[in-house]
Amino acid sequence: MDLPYLELVLGFMILMYIFETYLDVRQHSALKLPRLPRPLEGVVSQEKFERSRAYSLDKSNFHFVHEAVTILMDTAILYYGLLPWVWMKSGEIVARIGLNAENETIHTLSFLAGVMIWSQITDLPFSLYSTFIIEARHGFNKQTIWLFIRDMIKGIFLSIILGPPIVAAIIYIVQIGGPYLAIYLWGFMFVLAIVMMTLYPVLIAPLFNKFTPLPEGELRQKIENLAASLKFPLKKLFVVDGSTRSSHSNAYMYGFFKNKRIVLYDTLIQQCSNKEEIVAVIAHELGHWKLNHTVYSFIAVQILTFLQFGGYALVRNSKDLYQSFGFETQPVIIGLIIFQHTIIPLQHLVGFGLNLVSRAFEFQADAFAKKLGYSPSLRAALVKLQEENLSAMNTDPWYSAYHYSHPPLVERLSALEDSDKKED
């Protein structure tokens with residue numbers, strides 16, 4: 001008996017929406033609490049708490065609307081067979097301009113162009129409202145409408161340049177993959193990931209932000225000394241002009257083997273006037289490197305990617321699967337899209353597991369920074385970043401366990417305090 005794949009996928013989507021909306025409601029109720037969590041009383045100012053509460057509630061209200069519209073659109077697209085209609089029309093457009101519609105790569109690029117246009121149109125109102133209403137209302141947005149449009153155009157051009165060769169390669173691999181399809185697809189995506197991780201910070205990121213070397217001085221010296229003490233192969237230390245778009249702050253590192261780089265947001269330097277606090281944040285990041293968290297995460301992603309392609313290879317030639325979604329042919333890109341929809345429950349389960357691991361890594365990195373003697377500075381930095389970013393102070397435990405890749409501030413401070421007590 002043929003399985004009702006479409007109905008099952010729609011049912012999974014709706015059930016996940018209901019479950020996640022329930023978690024959103026729980027979080028919204030936590031955000032409405034008028035008092036700080038007890039561990040943060042006297043640590044976070046009341047003025048910052050009120051601003052954080054207002055910001056979080058604004059984002060929460062926006063999230064409810066955005067998710068409701070998204071599930072309605074996604075359900076309608078699948079239920080009313082819009083995907084096969086767009087596939088058919090994209091083939092007609094290819095033929096009309098004199099190209100070969102029987103060429104799957106050309107047909108697929110035409111289809112993806114239509115999908116990209118639709119995504120830009122439907123996402124634009126939400127992006128504009130989020131950036132120029134919510135973020136601006138709470139003092140975060142720093143970009144002009146022209147910078148916003150310029151970034152969007154750059155993103156579209158990058159998709160046009162990078163997309164076609166990647167799509168063509170995937171189609172070719174699927175067509176010739178045979179019994180080794182999963183291995184070939186995984187190998188290609190592995191190489192692509194390495195290439196993109198190498199090229200992105202050098203060629204792509206500078207298209208959107210300006211990276212300048214951190215000036216000589218006390219802060220640079222402290223970071224270089226810390227890196228040297230841990231034998232971290234620091235080659236370059238940058239400041240990125242994040243303040244041109246937002247006053248949110250961050251720091252990160254990247255690079256392979258002996259070519260590591262650290263990037264500080266200029267907003268982080270502005271917000272943490274105490275240089276020891278910035279060094280404590282870097283100590284935390286270096287903890288991830290020293291404890292091999294990046295390597296473990298990369299390996300986990302590769303394993304999951306391989307398993308995902310293995311599953312796709314098993315259903316690749318299932319006519320029933322395609323026909324359930326309204327397709328009489330079996331285009332590669334459509335198979336990938338349909339497969340992604342069929343494993344929605346598994347994706348959420350895996351995401352939950354990865355978040356659990358990520359939070360454990362964060363606690364370990366905090367403990368690593370503490371062992372280096374940065375416990376007081378790290379505490380101060382975590383509180384300051386929470387305040388300056390107006391992050392949620394009250395969090396629902398179910399919501400944070402499901403969604404957060406980083407533990408809430410209360411849990412991180414409590415973990416640092418508990419480790420202090422154990423040492424005492």
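All values derive from a computational prediction rather than experimental measurement.
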* To do: If the plane angle is over 60° it's perpendicular, under 30° parallel, otherwise tilted; pick one for F62 and Y129.
  => parallel
* **Listed partners of R316 passing salt bridge (Lys or Arg N to Asp or Glu O under 4.0 Å), at least two apart** => none
* Asked: Looking at K210 and D241, does any basic side-chain N land under 4.0 Å from a carboxylate oxygen?
  -> no
* Could you list the residues that satisfy salt bridge (Lys or Arg N to Asp or Glu O under 4.0 Å) with R245, not counting sequence neighbours? => D151
Side-chain donor/acceptor pairs under 3.5 Å, residues 6-13, sequence neighbours excluded:
none

* Taking atom OH of Y79 as the centre, does the number of heavy atoms from other residues, nucleotides or ligands within less than 6.0 Å exceed 12? -> no
* Strictly by modelled atom types, are E362 and H284 linked by a side-chain donor-acceptor pair under 3.5 Å? -> yes
* Is the distance between the ring centroids of Y402 and W398 less than 6.0 Å? -> no
* Asked: Does any non-hydrogen side-chain atom of T329 lie less than 4.5 Å from one of Y322?
  -> no
* To do: Please name the residue in the list K32, H28, Q27 that meets the side chain to side chain donor-acceptor pair (under 3.5 Å) test with S60.
  => H28
Distance-only donor-acceptor pairs under 3.5 Å for side chains of residues 152-179, two or more places apart:
from, atom 1, to, atom 2, distance (Å)
K154, NZ, L207, O, 2.4
S159, OG, G155, O, 3.1
Q175, NE2, E104, OE1, 3.3

* To do: Check salt bridge (Lys or Arg N to Asp or Glu O under 4.0 Å) between E218 and all other residues, then give those that pass, not counting sequence neighbours.
  => K222
* Using a distance-only test with no angle check, is there a side-chain donor-acceptor pair under 3.5 angstrom linking E135 and Y55? -> yes
* **Pairing residues for E102 by the salt bridge (Lys or Arg N to Asp or Glu O under 4.0 Å) criterion, not counting sequence neighbours** => none
* Salt bridge K384-E388, side-chain N to carboxylate O under 4.0 Å -> no
* Derivation of the ring-ring contact (aromatic ring centres under 6.0 Å, His included) call for F309 and W186 -> CA-CA 7 Å; F309 285 138; W186 171 80; 9.3 Å; no
